[in-house]
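Report on one structure; see the data block that follows.
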Amino acid sequence: MSTALASPPVLSTAPAPGSTDPPGLQDIWNSEIDLAIMQFLYQAKTQCNGTCDTFSAAVWTSLGKHLMENGHRLCTNEDLKDRFRVLKQRGYLLSPTGVIVPAAPSPAAPAATVPDRAQWTSEAEAISIEFFIAKKAQGLMSENNFKGKVYNLAAERLCAKGHSFSGKQVKARWTRFKAEFKIVAKLRTLSGFGWDNARSMVIATDQVWDAYLVGHPKARPFRTHPFIHYDDIAAMVGHSTATGAMALSSENAVAAQKAPDTSSSSDDDDEDSDSDAADSEKESPVKKRRAAGPTPAPKRVRTSAGAQALTSMSSTFAALTEGLKSGEFLTSPSTDSPVKKKKAFDIVRAEEGLSPHSLAKAHRVFHGSGEVAREYLSFDSTKDEERSARTFWLMDEMDRV
């Protein structure tokens with residue numbers, strides 16, 4: 001009987017503990033006989049719909065005859081039972097093909113667990129990033145996070161590639177990816193720092209690094225290590241997670257909240273004006289006369305209000321007529337010259353350290369209408385504060401694109 005085996009295990013011929021085989025009988029056992037035993041017993045178990053590895057005397061007798069018919073030495077029922085018990089003790093079981101394979105862990109045994117602290121290699125990180133990009137393209141990403149099943153699927157993908165991670169660990173790594181991306185994105189906008197595209201690495205002099213790391217220790221790894229997934233993560237999270245060239249940092253967000261909101265203040269002014277008008281109306285003699293008696297308001301008051309409205313309308317029409325005559329309303333809005341647009345964009349490309357994704361948005365900003373380039377160039381590039389303000393202004397313009 002020939003059965004294809006993938007490197008079948010060679011069982012030891014040493015006497016197993018508890019074996020009742022007499023001396024010398026151990027020599028008859030080999031992998032071929034063991035295989036024949038397991039095949040026969042599996043078929044017997046299947047035919048009787050058995051659920052355990054317990055067989056009748058008739059089965060053991062039939063097994064002995066089967067072995068003799070295939071050229072093996074005659075064994076007693078007790079010999080065969082002992083041999084079968086030895087194989088089970090060594091962790092082998094009956095298989096559908098009769099192949100001797102290690103037994104699965106007992107249900108009572110503790111299940112293998114993934115270590116709490118995952119050991120991420122560069123290969124595992126690259127696999128996970130590639131997987132995340134594909135899932136974002138499938139619409140499974142929202143608010144810079146993925147649906148829960150994505151992390152479990154990523155863990156299965158990593159397992160297929162030889163890396164053991166749980167879905168929880170994959171999600172934690174994605175969270176760290178975003179945190180690292182924030183740090184690098186901010187560094188790329190700071191004065192004194194640059195970006196080496198060839199190495200995907202933040203660069204700066206030792207003096208600049210030493211001064212910055214005093215207050216920002218979390219940036220220390222990026223002094224000596226590249227961040228090769230910067231562009232891929234930027235393409236996935238866009239502007240909403242990044243700092244620096246991608247979005248406002250937490251400090252800048254606070255400053256932005258403290259900045260005056262002209263739209264809301266104008267609304268407040270309108271409300272205050274309405275309130276003042278209401279107070280004036282309450283204090284006016286006309287209002288007092290209305291409250292004093294049931295008689296209707298004098299007709300002359302309504303005439304006065306209408307006259308005021310007509311006067312205001314007349315003034316508005318006069319101003320409109322004057323504007324049309326002078327051509328003021330017909331003048332097209334100012335637009336930056338091509339030379340000025342090119343100059344501004346060249347500075348952005350050389351000094352802002354934007355990713356390709358962000359650089360494309362900046363290109364659209366400067367090649368639109370208006371005087372965007374003039375405003376960008378109005379910042380004093382010789383001062384650090386002015387350069388930082390220029391970067392924040394540019395980010396706001398890019399968010400409007």
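For the salt bridge (Lys or Arg N to Asp or Glu O under 4.0 Å) test, residues two or more places apart in sequence or in another chain that qualify with K81 are E78. Residues satisfying the ring pair (Phe, Tyr, Trp, His ring centres under 6.0 Å) test with Y212, not counting sequence neighbours, are F193, H216. A search for side chain to side chain contact (heavy atoms under 4.5 Å, CB included) contacts involving L213 returns W209, A219, R220, R223, not counting sequence neighbours. Evaluation of the side chain to side chain contact (heavy atoms under 4.5 Å, CB included) rule for E386 yields F379, D380, K383 as partners, not counting sequence neighbours. For H163, there are no ring pair (Phe, Tyr, Trp, His ring centres under 6.0 Å) partners two or more places apart in sequence or in a different chain. K342 is linked by a side chain to side chain contact (heavy atoms under 4.5 Å, CB included) to D346, counting only residues two or more places apart in sequence or in another chain. Annotation: salt bridge (Lys or Arg N to Asp or Glu O under 4.0 Å) contacts of E125 (sequence neighbours excluded): R173. With sequence neighbours left out, H225 forms a ring pair (Phe, Tyr, Trp, His ring centres under 6.0 Å) with no residue at all. With sequence neighbours left out, S200 forms a side chain to side chain contact (heavy atoms under 4.5 Å, CB included) with W195, I228.
Rounded to the nearest 0.5 angstrom, L63 CG and K65 NZ are separated by 12.0 Å. The structure places CD1 of I347 at 11.5 Å from CZ of R387, a figure rounded to the nearest 0.5 Å. Here the CE atom belonging to M201 is positioned 15.5 Å from the OH atom belonging to Y230, to the nearest 0.5 angstrom. Rounded to the nearest 0.5 angstrom, F131 CZ and K161 NZ are separated by 12.0 Å. One distance of note links CG of L354 with CZ of R349; it measures 11.0 Å at 0.5 Å rounding. Between M398 atom CE and R364 atom CZ the span is 9.0 Å, to the nearest 0.5 Å.
The shortest distance between side-chain heavy atoms of H357 and D231 does not fall below 4.5 Å. Side chains of D79 and W60 form no contact here, defined as non-hydrogen atoms less than 4.5 Å apart. Using a 4.5 Å heavy-atom threshold, the side chains of I127 and E123 count as touching. Residues F392 and T189 form no side-chain contact, since every pair of their non-hydrogen atoms from C-beta on lies 4.5 Å or further apart. Side-chain atoms of D210 and V214, non-hydrogen and from C-beta on, never get closer than 4.5 Å to each other. Taking the side chain as every heavy atom from C-beta outward, F222 and E180 approach each other to under 4.5 Å.
Using bins of under 30°, 30° to 60° and over 60° for the plane-to-plane angle, the ring pair W393/Y376 lands in the tilted bin. Between F84 and F55, the ring planes lie perpendicular to each other; the angle is over 60°, past the 30° to 60° tilted range. Note on ring orientation: taking the six-membered ring where Trp is involved, the planes of F227 and F177 are tilted (angle from 30° to 60°).
Within the structure, every pair that satisfies the side-chain hydrogen bond (donor to acceptor under 3.5 Å, both in side chains) test and touches residues 128-137, not counting sequence neighbours, is listed here: K135-Q138. Residue pairs meeting the salt bridge (charged side-chain N to carboxylate O under 4.0 Å, His left out) criterion with at least one partner in residues 189-203, sequence neighbours excluded, are D196-R199.
Listed for the S388 side chain is no donor-acceptor partner under 3.5 Å among the backbone atoms of E385.
The number of heavy-atom neighbours closer than 6.0 Å to NZ of K171, taken from other residues, nucleotides and ligands shown, is 12 or below.
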Would you mind writing out the side-chain donor-acceptor pairs for residues 150-157 within the sub-3.5 Å range, not counting sequence neighbours?
from, atom 1, to, atom 2, distance (Å)
Y151, OH, F146, N, 3.1

Evaluate the side-chain contact (heavy atoms from CB on, under 4.5 Å) criterion for residues L80 and L67: first the C-alpha distance (whole Å), next the side-chain angles of each, then the deciding distance (0.1 Å), finally the verdict.
CA-CA 10 Å; L80 296 174; L67 292 175; 3.6 Å; yes
I'd like to know whether F345 forms a side-chain contact (heavy atoms from CB on, under 4.5 Å) with V365, so could you lay out the CA-CA distance, the side-chain angles of the two residues, the decisive distance to 0.1 Å, and finally the verdict.
CA-CA 9 Å; F345 184 70; V365 167; over 6 Å; no
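We find that R390 and E352 are joined by a salt bridge, their nearest charged nitrogen and carboxylate oxygen being less than 4.0 Å apart.
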